[in-house]
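A short worksheet on the structure shown next.
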Amino acid sequence: MFAPLKNDTFLRSLQRQKVDYTPVWLMRQAGRYLAEYNATRAKAGSFLGLAKNPEFACEVTLQPIDRYPLDAAILFSDILMIPDAMGLGLEFVAGEGPQFAHPLRSEADVAKLAVPDMNKLRFVFDAVTLIRKELNGRVPLIGFAGSPWTISCYMVEGQGSKEYRTIKTMLYSQPDLLKQILSVAAQSTALYLNEQIKAGAQAVMIFDSWGGVLADGKYQEFSLHYIKQVVDSLIRTHNGERIPAIVFTKGGGLWVEEIADIGCDAVGLDWTMSLGKARRLTGDKVALQGNIDPMALFGSSEAIRAEVRRVIDDFGPVGTGGHVFNLGHGISQFTNPDHVAILIDEVHNYSKAMHR
């Protein structure tokens, strides 16, 4: 059904196999820093119009692949598609971001919560299949979802938050109620990722964007426990191919050993954690992904190249694979696209020299 893969460096590095250079892709690589993305979004009329149309989603997914020699594509979508399919009334408000018309605030709200019919998310799976066909084997395609904790933050708060007061109030005053939400979210997320895999995703990533706001102990109980449930339920081999799973908790460097123990293939790290230290702590359990500060892209060409080299040097010897170069979080919309080209060029050239 799909063309054979021409560049499998990303997949081999995730599985800690021998590679000729360090592969690179960027979180939010299809985004507002690209003029072509903004043009497609204008055609779509809105963010949801873009994300829910397989042809538009395919178009923007391929834009950074057409522009740069990246080693992986990532599905263009949003982590809030699952709660939207649950009927919580997702809307993107200009200047304010995502908001839900029906947040989960009471026991009655939670009692009505159920795993959504995956047919309501058919547009995502259709996009995955279309992107795989259009990629024509150039690079692998990554599917993704938000972590149960992260999507629950939005479902309970009703929007983004700085304090997480509503969900943390529930966590400390009604922990069993919150765990009901997290359980449904975990079941939904596993189903959703497995449907992406069946549609053509060659690796999957769980974005635990807000795990780092939890206290030690609470992170393990309310986030990592449910991420493990998802990982345990994933299809790990499809059509004879291994499907690697990446787990990224922003602010989660202090828990890297525990994340590495849940059965994922790779742990994503933000810029606050040393890759070398993470490698020493996790040994050969997992590959590592990351972790240059996205703001480094606002430096000079020389500064970007120096920071790339520092990150690669921090990881250490690279010939055995195990490192996927990435940002420590999503790329800023204000980034100069030419600076992205510099970063990718330095990752490839410096790591090739290191592999010799």
Can you run down the side-chain hydrogen bond (donor to acceptor under 3.5 Å, both in side chains) pairs that involve residues 106-116, sequence neighbours left out, and say none if there aren't any?
Ser106-Asp109
Does any pair with a residue in residues 257-292 pass ring-ring contact (aromatic ring centres under 6.0 Å, His included), and if so which ones, sequence neighbours excluded?
none
Are a donor atom and an acceptor atom from the side chains of Arg32 and Gln333 found within less than 3.5 Å of each other?
yes
Any pair with a residue in residues 41-65 that passes ring-ring contact (aromatic ring centres under 6.0 Å, His included), sequence neighbours left out, goes on the list, sorted by first then second residue, please.
Phe47-Phe76, Phe47-Phe92
Sequence neighbours excluded, the answer for side chain to side chain donor-acceptor pair (under 3.5 Å) partners of Trp255 is Asp216
Could you tell me whether the side chain of Ile79 reaches within less than 4.5 Å of the side chain of Thr150, counting heavy atoms only?
yes
Please name all residues satisfying side chain to side chain donor-acceptor pair (under 3.5 Å) with Lys277, sequence neighbours left out, ordered by chain then number.
none
Asp126: partners by side chain to side chain donor-acceptor pair (under 3.5 Å), with sequence neighbours left out:
none
What ring-ring contact (aromatic ring centres under 6.0 Å, His included) pairs are there with at least one residue in residues 296-316, not counting sequence neighbours?
Phe315-His323
Please list all pairs meeting side-chain hydrogen bond (donor to acceptor under 3.5 Å, both in side chains) that have one or both residues in residues 68-84, counting only residues at least two apart or in different chains.
Asn7-Asp71, Tyr21-Asp71, Lys52-Asp84, Asp71-His348
Pairwise ring-ring contact (aromatic ring centres under 6.0 Å, His included) hits with a residue in residues 181-201, at least two apart:
Phe125-Tyr192
Any side-chain heavy-atom pair from Ile74 and Leu141 closer than 4.5 angstrom?
no
Short N-O contact, Asp314 and Arg279, less than 4.0 angstrom:
no
Euclidean distance, Asn349 CG relative to Thr22 OG1, rounded to 0.5 Å
11.5 Å
Lys/Arg N to Asp/Glu carboxylate O, Asp208 vs Lys250, below 4.0 Å:
no
Could you list the residues that satisfy side chain to side chain donor-acceptor pair (under 3.5 Å) with Ser301, not counting sequence neighbours?
none
Residues 175-186, side-chain donor-acceptor partners within the protein, below 3.5 Å, at least two apart:
| residue | atom | partner | partner atom | Å |
| --- | --- | --- | --- | --- |
| Lys179 | NZ | Glu221 | OE2 | 2.6 |
| Ser183 | OG | Gln187 | NE2 | 3.3 |

So which pairs with a foot in residues 288-299 pass side-chain hydrogen bond (donor to acceptor under 3.5 Å, both in side chains), sequence neighbours left out?
Trp25-Gln289
Aromatic contact between Phe144 and Phe207, with the criterion being ring centroids under 6.0 Å apart: yes or no?
yes
